Undergrad: 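I am attaching a structure below and will ask some questions about it afterwards.
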Amino acid sequence: MYGDVSYVQAGPIQGFPDLRPAARRIPQLSEREHQVLLLLATGGTNHAISRRLGVAEGTIKAHVGRILLKLGLESRTAAAVTAVSYLNPCPCAVVSTGMGESNRLGSCITADPVMPKV
């Protein structure tokens with residue numbers, strides 16, 4: 001129940017991957033990989049991304065594979081979450097507890113979000 005939340009702690013959660021190292025590697029991606037990652041973060045399928053960028057679906061699959069490899073991630077979901085966190089490093093510096101109170105989150109994933117526009 002939301003009203004029972006007394007605080008939210010930033011950073012890795014036990015049992016879940018720490019995505020901060022992956023976010024720090026995003027600048028190492030090529031411009032096209034940045035574009036694919038951005039579209040992936042919006043929920044785009046390989047087919048939709050390939051149509052948007054005007055390339056074959058297999059090309060997008062190859063880009064996604066390289067993105068996962070370069071970022072050290074195991075899933076496109078982790079890549080999408082990493083991208084969103086990178087683009088919005090501290091979108092919710094204050095989190096509502098549902099009881100009329102708010103709590104500050106800890107440090108952001110990164111303080112320098114820069115990704116090229118698609």
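In this chain, residues are counted from 1 in sequence order. As the structure is a prediction and not an experimental result, all values here were calculated from the model.
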Undergrad: What heavy-atom pair brings Leu40 and Ala80 nearest, and what distance separates the two atoms?
TA: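 Closest approach of Leu40 to Ala80, heavy atoms only: CD2-N, 3.7 Å.
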Undergrad: Please report the shortest heavy-atom distance between Tyr86 and Pro27, naming the atom on each side.
TA: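 Looking at all heavy atoms of both residues, the closest pair is OH-CG, 3.5 Å.
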Undergrad: State the CG-CD distance between Leu69 and Glu74, to the nearest 0.5 angstrom.
TA: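 The CD atom of Glu74 is 12.0 Å from CG of Leu69, to the nearest 0.5 Å.
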Undergrad: Counting only N and O atoms by type, is there a donor-acceptor contact under 3.5 Å from the side chain of Arg25 to the main-chain atoms of Lys70?
TA: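 Yes: the side chain of Arg25 pairs with the backbone of Lys70.
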Undergrad: For the residue pair Ile60 and Leu39, establish whether any side-chain heavy-atom pair is separated by less than 4.5 Å.
TA: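 A side-chain contact under 4.5 Å is absent here.
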Undergrad: Would you give the length of the straight line joining atom CG of Leu19 to atom CG of Leu73, rounded to the nearest 0.5 angstrom?
TA: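 So the gap between those two atoms works out to 6.5 Å.
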Undergrad: So how far is it from Thr45 OG1 to Glu57 CD, rounded to the nearest 0.5 Å?
TA: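 If I round to the nearest 0.5 Å, the distance is 7.0 Å.
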Undergrad: So, His34 side chain and Ile26 main chain: donor-acceptor pair closer than 3.5 Å or not?
TA: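 The answer is yes, because a donor-acceptor pair under 3.5 Å joins these two groups.
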Undergrad: Which distance, rounded to the nearest 0.5 Å, do you find between the CG of Asn46 and the NZ of Lys61?
TA: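 Here the rounded value is 6.5 Å.
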Undergrad: Identify the heavy atoms of Ala41 and Ala83 that sit nearest to each other, and give their distance.
TA: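 Ala41 and Ala83 have their closest heavy atoms at CB-CB, 3.8 Å.
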Undergrad: Which is it for Val55 and His63 under the side chain to side chain contact (heavy atoms under 4.5 Å, CB included) test, yes or no, and what are the steps along the way?
TA: CA-CA 11 Å; Val55 298; His63 283 309; 5.6 Å; no
Undergrad: What distance do Thr82 atom OG1 and Ile67 atom CD1 have between them, rounded to the nearest 0.5 Å?
TA: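 Atom-to-atom, Thr82:OG1 and Ile67:CD1 are 11.0 Å apart.
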Undergrad: Using 0.5 Å steps for rounding, measure from the OG1 atom of Thr42 to the CD1 atom of Ile49.
TA: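 The distance works out to 6.5 Å.
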